[in-house]
Amino acid sequence: MNSQTQKHSPSQNGKQANGKDRVVIFDTTMRDGEQSPGCVMNVEEKLQIARVLADMRVDIIEAGFPIASEGDFEAVRRISEEVKGVKIAALARAAKGDIARAGEALAKSDGGRIHTFISTSPQHLVHILKMNEEQILEAVRDSVTYARSLAEDVQWSAQDASRSDSEFLFRCIEEAINCGATTINIPDTVGYAVPEEFADLIREIANKVPNIDKAVISVHCHNDLGLAVGNSLAAVMAGARQVECTVNGIGERAGNCSLEEVVMALRTRHDLYKIGTEIKTESIMKASRLVSAISGFVVQPNKAIVGKNAFAHESGIHQDGMLKNAETYEIMTPESVGLKETQIVLGKHSGRHALSKKLEELGIEMGDNSLNEFFTRFKALADKKRQIYDEDLFALAEDSSVRSNEIIRFLSLQVQCGTEGPQEAQVRLEVEGTEHNQTAAGNGPVDAIFQAIRKVYPHPDAHLALYQVHAVTGGTDAQAEVTVRLEEEGRVANGQGADHDTLVATARAYINALNKLVGKRGRSAPGALASKEEKVALGGV
């Protein structure tokens, strides 16, 4: 190993920025994650996520893209002011207006980070930017210098780095560091790289960029070939000391590197990587469920770490091994990611104390009044099911939490359907304290429910963009969890509902989405928020 390789070894890179050799976790759930088609998070929802991420000890939270919309700007500003103990980052293109807006949003943060980027690949230079290499270098100099005048902590990203000419990429990195960038991010923007070549690129950067010892190497990998986590871990082995990732791996197209997967891989295979993070892994499930509920994106059952089957065993051989020793078929414990095993089996004979204890063990916080309502719904569910699973309780808790402060409240539902017809629904709702009853016919029971709700609270300009049902657990008595997406003049609202009766869950989900839509109308002046298409057009790493 030559002296230059020793100078830029992985441990040196980590110790420079952090005082110890560890991997910095940069969460971009609320920026890149929100760019997922169909995903919209309002300011209050982003604050909820940010607080959970801070509690999880994420190092950096990229809270948004302030120039994209007033909503993104406000989210970054509020999170910077209200969420402490974590560094907040804001994204900006290599344009003075973008950078100024990011600096303004971070003005009251405790040492915020401006993250500025520009493309470096031939495909982007020719077809998107229509700039030559010298113009790109000048843009790097100008943008990083200006960002550094507004913030001590500046991150520079080379969009589409994995398809860039390496020598030109090295020149850009050197220039960015000379102008004050303290973190250099290498994105695999289109998920094109494979682990071996991506690791080689990181090693080349560590060995060929003369001033790389003055910055931390970061990576941001997309999952188009299913290699985002593999590429990120290979980059860590090669010297990268920051990984950009999202909860549940959400993001544009096929998504991003999954936070929970990369963190647990580093923890579980510490014998191989010999480096870890400072993440409180016991908060992983809480973060996963919150992001899923807010985004409306259901986590697939076989998803690593956070899928409902990740710690489930059905095969007789597996069950036998688990009974003898859990390590025979589990390489990590459920407790390590926030799933707590318990001897309390909940059913229709369980009392309030047993339920309260179980909720406490699962980390579900609830006041006395909320617990009373929750207990009533729990008993109703237990009468219909033989056994109540943890997933049922999480679904009930999420369904209860999203209903706070609603102006439209679900009270009851009666449905008539079948081959003989008519397909008819009668809903009883409370609107700002006043009860309303309406009956409507429809093309099937679901349509009838929606038509009846529209009669109670007219919203002619809104249309249904998504209706999705899945079972929370297995079995014919499974509780249903429904997601509804409403769109109205560029505004998008996702609603969730859970109940043992799929049609009741449907009504709850629709009303939840409608409440969010009404809230967006009230808070947003016409044209204040950019549409989804406008935000995507603004780009991102």
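Nothing fancy with the numbering, it's 1 onward along the sequence.
- Counted by atom type alone, S166 and K208 present zero donor-acceptor pairs between their side chains at under 3.5 Å.
- S149 is linked by a side-chain contact (heavy atoms from CB on, under 4.5 Å) to Y146, counting only residues two or more places apart in sequence or in another chain.
- Residues meeting the ring pair (Phe, Tyr, Trp, His ring centres under 6.0 Å) test with H470, sequence neighbours left out: none.
- No salt bridge links D59 with K87; every basic N to acidic carboxylate O contact stays at or beyond 4.0 Å.
- Cation-pi geometry between R485 and Y467 is not met: the NZ or CZ atom fails to fall both under 6.0 Å from the ring centre and inside 45° of the normal.
- Judged as a ring pair (Phe, Tyr, Trp, His ring centres under 6.0 Å), and not counting sequence neighbours, the contacts of F26 are H115.
- The side-chain contact (heavy atoms from CB on, under 4.5 Å) test applied to A161 returns A158, L169, I186, P187, not counting sequence neighbours.
- In the model, H220 has a side-chain atom that pairs as donor or acceptor with a side-chain atom of N256 under 3.5 Å.
- Rounded to the nearest 0.5 angstrom, M30 CE and Q48 CD are separated by 11.0 Å.
- The aromatic rings of H459 and Y510 lie tilted to each other, with the angle between the two planes from 30° to 60°.
- Taking 4.0 Å as the cut-off between side-chain N and carboxylate O, E278 and R57 do not count as a salt-bridged pair.
- At least one donor-acceptor pair closer than 3.5 Å links the side chain of E45 to the backbone N or O of N42.
- A distance-only check finds a donor-acceptor pair linking the side chain of S36 to the backbone of G251 [under 3.5 Å].
- By the side-chain contact (heavy atoms from CB on, under 4.5 Å) test, R253 pairs with V190, H222, D224, sequence neighbours left out.
- Here K286 pairs with nothing under the salt bridge (Lys or Arg N to Asp or Glu O under 4.0 Å) rule; sequence neighbours left out.
- Within the structure, ring pair (Phe, Tyr, Trp, His ring centres under 6.0 Å) pairs that include any residue of residues 78-111 do not occur (at least two apart or interchain).
- Between the side chains of Q155 and Q242, at least one donor N or O sits under 3.5 Å from an acceptor N or O.
- D72 has a carboxylate O that lies under 4.0 Å from a charged side-chain N of K46, or vice versa, which qualifies the two as a salt bridge.
- Residues forming a salt bridge (Lys or Arg N to Asp or Glu O under 4.0 Å) with E174 (at least two apart in sequence, or on another chain): none.
- Between R491 and E487, none of the side-chain N atoms (NZ, or NE/NH1/NH2) sits under 4.0 Å from a carboxylate O, so this pair counts as no salt bridge.
- Interatomic distance, CD of E244 versus OG of S157, reported as 5.5 Å (0.5 Å rounding).
- Here the side chain of N494 pairs no donor or acceptor atom with the backbone of G296 at under 3.5 angstrom.
- For E82, the side-chain contact (heavy atoms from CB on, under 4.5 Å) partners are L47, R51, R78, not counting sequence neighbours.
- Listed by chain and residue number, nothing satisfies the salt bridge (Lys or Arg N to Asp or Glu O under 4.0 Å) test with E196 (two or more places apart in sequence, or in another chain).
- S143 contributes a side-chain N or O that, together with a main-chain N or O of V140, makes up a donor-acceptor pair within less than 3.5 Å.
- Between the S288 side chain and the I284 main chain, no donor and acceptor come within less than 3.5 Å of each other.
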Would you mind writing out the side-chain donor-acceptor pairs for residues 117-126 within the sub-3.5 Å range, not counting sequence neighbours?
from, atom 1, to, atom 2, distance (Å)
S119, OG, H124, ND1, 2.8
S119, OG, Q159, NE2, 2.9
T120, OG1, S164, OG, 2.6
S121, OG, H124, N, 3.3
S121, OG, D160, OD2, 2.6

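- Residues passing the salt bridge (Lys or Arg N to Asp or Glu O under 4.0 Å) test with E152, sequence neighbours excluded: R148.
- With no hydrogens or angles considered, a side-chain donor-acceptor pair links T28 and E62 at under 3.5 Å.
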